Amino acid sequence: MSFLSATLDRVKASPTITISTKAAELKVAGRDIIGLSAGEPDFDTPDNIKSAAVRAIAEGKTKYTAPDGMPELKQAICEKFLRDNALTYAPAQVSVGTGGKQILYNALVATLNPGDEVVIPAPYWVSYPDMVLLAGGTPIIAKASAQTGFKLTADELEAAITPKTKWFIFNSPSNPTGAGYNWAEMRALTDVLLRHPHVWVMTDDMYEHLTYDDFKFCTPAQVEPTLYSRVLTCNGVSKAYAMTGWRIGYAAGPQPLIGAMRKVQSQSTSNPCSISQWAALEALNGAQDFLSANNEIFTRRRNLVVEMLNKAKGISCSKPEGAFYVYPSIFGLMGKTTPNGVIITDDEVFATCLLEDTGVAVVFGAAFGLSPNFRVSYATSDDKLQEACKRIQVFCDNLT
Ligand SMILES: Cc1ncc(COP(=O)(O)O)c(C=O)c1O
């Protein structure tokens, strides 16, 4: 009898962590490495948020809280949903967890039974399929294409839904592509969902505030209010507020689901860190002006990376609406050979050679379910991005 759970055989370790580990090893060995694989902003947490946490410690707000969040934070989350998304939720419909990841995981554990299917558009955030597997469900991958800017069409969603579908996981702006669905594109998907009343929607709005140019964010329950009773609207402070290490995510949805998620959380982590909850309260209620300042920086970096990558021979890169990722295609490089004699047969070989030969760490597309591509995170300085893109251009030039 195996000591380890059989469930683990179905799950793989995070490929983004595999790349970061390899990059770290090369760095220790003295190589000049530029990491474009991390999924977190390089900005520091704003001072007002840090001060709120220091105050919470000084005031002894260091005890257990309610399992799924303290009332003050739940109230602030309700106000945020009304202010930003025109969605009305009561505090009893809100759940706060240890990061957006735990919120999604709680919801899946609380609802999935063996045989239940979860539709996940590809390219997807690496954790979705494995979280579904860990929770005992079956991920059904619906592939979007580069031709639609990596956005799922109504027909593609329709084709993926079966009588066994329990959830549709939706993420806009997307990790890994940065693609954001506008109102009409989302409307096309919500129209499909209206025809399938047994399908619930888990919308991961983590990158809501990171959008560029004239793009206007929207979320499924806002676009189609009829879906309100079967949508879990998930969000968090990690990305927009540069708070990845604080570990606070949240969701709002129908009360029975929120109650089931509370049960899961109360028997696992008890509650999210009390000090981080006070910091998150300040993030949501405090000044928001740094968001537009950060977005100006991200817009500039996105434009720089897209322009430089499109100048690399064999790479084509579209300009996405949000997040801090681009997802270039390496279709034009397939079958070429590196100066060390390695043939580029897929995007994993490409990413490995790129790291070993040039010191630039990116994540290969297969990890996100759509190849041949790679993900670049542009949440790093302009200088590093410029140098990394130059190295990618030279790498491509040297392929024969
Ligand atoms: C799409 C998406 N959802 C959720 C998360 C998890 O966020 P958190 O760090 O709050 O757990 C991430 C983090 O990379 C993400 O990219």
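In each ligand, atom 1 is the first atom listed, and ligand 1 is the first ligand listed. Nothing here was measured: the structure is a model prediction, and the numbers come from that model.
Distances from ligand 1 to the non-hydrogen atoms of Lys239 include at least one value under 4.0 Å. Taking a 4.0 Å cut-off on heavy atoms, Tyr128 registers as neighbouring ligand 1. In this structure, Glu40 has no heavy atom closer than 4.0 Å to ligand 1. Distances shorter than 4.0 angstrom do not occur between any heavy atom of Thr244 and any atom of ligand 1.
Between Tyr325, Trp125, Trp246, Tyr124, it is Trp125 that holds the heavy atom closest to atom 6 (C) of ligand 1.
Among Phe350, Phe364, Phe368, the one residue that satisfies the ring-ring contact (aromatic ring centres under 6.0 Å, His included) test with Phe374 is Phe350.
Atom 3 (N) of ligand 1 has Asp204 OD2, 2.5 Å as its closest protein atom, hydrogens excluded (heavy atom only). Atom 11 (O) of ligand 1 has its closest protein heavy atom at Arg247 NH2, 2.7 Å. Annotation: atom 7 (O) of ligand 1 to nearest protein heavy atom, Met206 CE, 3.4 Å.
For the pair Glu208 and Lys239, the salt-bridge criterion is not met [side-chain N within less than 4.0 Å of a carboxylate O]. The residues Lys50 and Asp44 are annotated as salt-bridged, a charged nitrogen and a carboxylate oxygen being separated by less than 4.0 angstrom.
Enclosure of atom NZ in Lys101 is not indicated, since only 12 or fewer non-hydrogen atoms of other residues, nucleotides or ligands lie within 6.0 angstrom. Counting non-hydrogen atoms of neighbouring residues, nucleotides and ligands closer than 6.0 angstrom, the CZ atom of Phe331 reaches no more than 12 such neighbours.
Although no hydrogens or angles enter the test, the distance criterion places a donor-acceptor pair under 3.5 Å between the side chain of Tyr181 and the main chain of Leu152. At least one donor-acceptor pair closer than 3.5 Å links the side chain of Asn271 to the backbone N or O of Thr65. In this structure, Lys311 contributes its side chain and Gln393 its backbone to no donor-acceptor pair below 3.5 Å.
Here the two rings, on Phe324 and Tyr207, have centers that are under 6.0 Å apart.
The ligand atoms of ligand 1 that sit less than 4.0 angstrom from a heavy atom of Gly99 are 10 (O), 11 (O). Near Asn171, with a cut-off below 4.0 Å to any heavy atom, the atoms of ligand 1 are 1 (C). Residue Ser238 approaches ligand 1 through these ligand atoms, each under 4.0 Å from one of its heavy atoms: 8 (P), 9 (O), 10 (O).
Residue Gln102 places no N or O, backbone or side chain, under 3.5 Å from any N or O of ligand 1. In terms of polar-atom proximity, defined here as any N/O pair under 3.5 Å, Ile248 makes no such contact with ligand 1. Considering backbone and side-chain atoms alike, Tyr207 places an N or O below 3.5 Å from some N or O of ligand 1. Considering backbone and side-chain atoms together, Thr98 places no N or O closer than 3.5 Å to any N or O of ligand 1.
Nearest approach of Ala144 to Leu370, heavy atoms of both residues: O-CD1, 3.4 Å.
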